[in-house]
Number of protein chains: 2
Amino acid sequence: MLKHKHNHDECIESALEAAQKICEERETRFTPLRRRVLELVWSKHQPITAYEVLDLLSEGQKRVAPPTVYRALDFLIEEGFVHRIESLNAFVGCSDPAHKHQGHFMICTKCSNVTEMNEKSLHDVIKKAAKENGYTYENSILEIAGVCENCRN
Amino acid sequence: MLKHKHNHDECIESALEAAQKICEERETRFTPLRRRVLELVWSKHQPITAYEVLDLLSEGQKRVAPPTVYRALDFLIEEGFVHRIESLNAFVGCSDPAHKHQGHFMICTKCSNVTEMNEKSLHDVIKKAAKENGYTYENSILEIAGVCENCRN
DNA sequence: TGATGGGTTGATATTTTATAACAATCAGGG
DNA sequence: CCCTGATTGTTATAAAATATCAACCCATCA
């Protein structure tokens with residue numbers, strides 16, 4: 001699940017390429033700004049806040065304003081390239097952008113690393129719970145806090 | 001699951017009494033302010049924001065400052081009398097304050113009503129998922145958005 | 001060609017949500 | 001009564017997000 005010491009540049013690059021390709025298919029616009037914001041979100045393997053993205057984006061140029069970042073993030077979330085972690089007010093790159101989905105996450109309370117769980121069984125259980133409570137399912141957020149394998153050792 | 005047209009005053013009253021009793025047992029201080037804030041949280045069956053509580057609390061007296069409300073809410077959450085809904089930045093009274101637990105919620109996207117799910121099976125599945133991903137479980141938030149039975153009709 | 005219109009980005013201001021820091025007050029034990 | 005720690009009051013500020021309108025880009029089409 002965790003890939004240690006992977007080549008992170010490669011990992012970013014492939015996320016950007018995937019996004020590019022998906023946007024071409026969907027005929028949505030993967031503009032330079034949106035591309036850059038996605039790159040910055042991926043620049044950490046931890047969740048990143050909108051204002052951290054803003055600071056990075058502003059380096060070496062006139063400071064950009066919050067809406068610039070939020071609008072780009074909205075687009076990326078809409079397309080499913082980025083997930084928002086509600087409990088942290090922060091954002092992470094999606095590990096499986098090809099299939100639009102709600103993210104379910106494990107968050108390490110020591111190192112802040114996030115693991116996205118794309119497990120159908122979990123998703124099914126949640127949908128079932130909704131149904132049993134009389135609700136028509138729309139979407140869900142699941143954020144589990146705990147200590148990851150790495151940090152326990 | 002939904003109780004329509006229940007006597008809401010009664011419902012508030014019993015929440016307050018339960019809290020009172022639990023605080024006595026735990027020897028924590030259920031002060032007038034904390035009691036009043038809990039009462040206000042329960043005054044809606046929908047999630048209420050901190051600043052809505054603040055406004056209600058300020059009625060007919062000198063306006064209170066945000067920390068007053070946030071501190072009271074922190075206490076109530078700590079004691080398990082109130083849950084925070086992350087996806088709404090809002091708060092709801094806990095339906096089962098006797099047992100400290102993490103809240104799992106259904107949120108109606110039409111009427112904003114919230115249903116707390118205290119289902120052990122769901123909780124177990126979530127814990128299991130954490131374990132399978134190599135995490136030591138600490139706590140979790142689950143917030144399912146959908147349309148409730150009432151609003152579908 | 002250049003007018004038009006939708007989508008995107010820029011810019012300014014403001015709102016909403018939450019916390020830091022320190023002073024005043026209160027409640028209970030010695 | 002005085003001390004101590006917890007609680008509440010007060011002022012200021014930080015952090016997160018959005019509203020609004022102007023400028024720009026660019027594809028289309030009259």
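Just so you know, these numbers use all the heavy atoms, side chains as well, and skip hydrogens, waters and symmetry mates. These figures come from a predicted structure and were not determined experimentally. So that the names make sense, note that chain A is the first sequence line, chain B the second, and so on, each numbered from 1.
Every residue was checked against the side chain to side chain donor-acceptor pair (under 3.5 Å) condition with B:R29, not counting sequence neighbours, and none meets it. For B:K127, there are no salt bridge (Lys or Arg N to Asp or Glu O under 4.0 Å) partners at least two apart in sequence or on another chain. Taking the ring-ring contact (aromatic ring centres under 6.0 Å, His included) definition, one finds that B:F30 meets it with nothing, sequence neighbours left out. Considering only residues two or more places apart in sequence or on other chains, B:K120 meets the side chain to side chain donor-acceptor pair (under 3.5 Å) condition with B:D124. B:F105 pairs by the ring-ring contact (aromatic ring centres under 6.0 Å, His included) definition with B:H83, not counting sequence neighbours. By the side chain to side chain donor-acceptor pair (under 3.5 Å) test, B:R71 is found to be paired with no residue, residues two or more places apart in sequence or in another chain being considered. Residues satisfying the side chain to side chain donor-acceptor pair (under 3.5 Å) criterion with A:R84, sequence neighbours excluded, are A:E86, A:N89.
B:N133 and A:E149 share no donor-acceptor pair across their side chains, judged by distance under 3.5 Å alone.
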Sugar-phosphate or base contact per nucleotide [nucleotides 22-27 of chain D; S, B, -; heavy atom under 4.0 Å]: ------

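Here the range on DNA chain C touched by chain B, meaning any atom under 4.0 Å from one of its heavy atoms, is C:dT17 to C:dA27.
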What pairs of donor and acceptor atoms, side-chain ones from residues 58-67 of chain A against any protein atom, are under 3.5 angstrom apart with sequence neighbours left out?
from, atom 1, to, atom 2, distance (Å)
A:S58, OG, A:L54, O, 2.8
A:S58, OG, A:V64, N, 3.2
A:R63, NH1, A:D55, OD1, 3.1
A:R63, NH2, A:D55, OD1, 3.0

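Atom-to-atom, CZ of B:R35 to P of D:dT7 comes out at 17 Å; the value is rounded to the nearest Å.
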For nucleotides 9-18 of chain D, give me every protein contact, N/O to N/O, under 3.5 Å, one pair per line with atom names.
from, atom 1, to, atom 2, distance (Å)
D:dG9, N7, B:R71, NH2, 2.6
D:dG9, O6, B:R71, NH1, 3.0
D:dA16, N7, A:Y51, OH, 3.4
D:dA17, OP1, A:R84, NH1, 2.7
D:dA17, OP1, A:R84, NH2, 2.6
D:dA17, OP2, A:Y70, OH, 2.8
D:dA17, O5', A:Y70, OH, 3.4
D:dA17, N7, A:Y51, OH, 2.7

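Applying the salt bridge (Lys or Arg N to Asp or Glu O under 4.0 Å) rule to pairs touching residues 92-103 of chain A yields nothing, sequence neighbours excluded.
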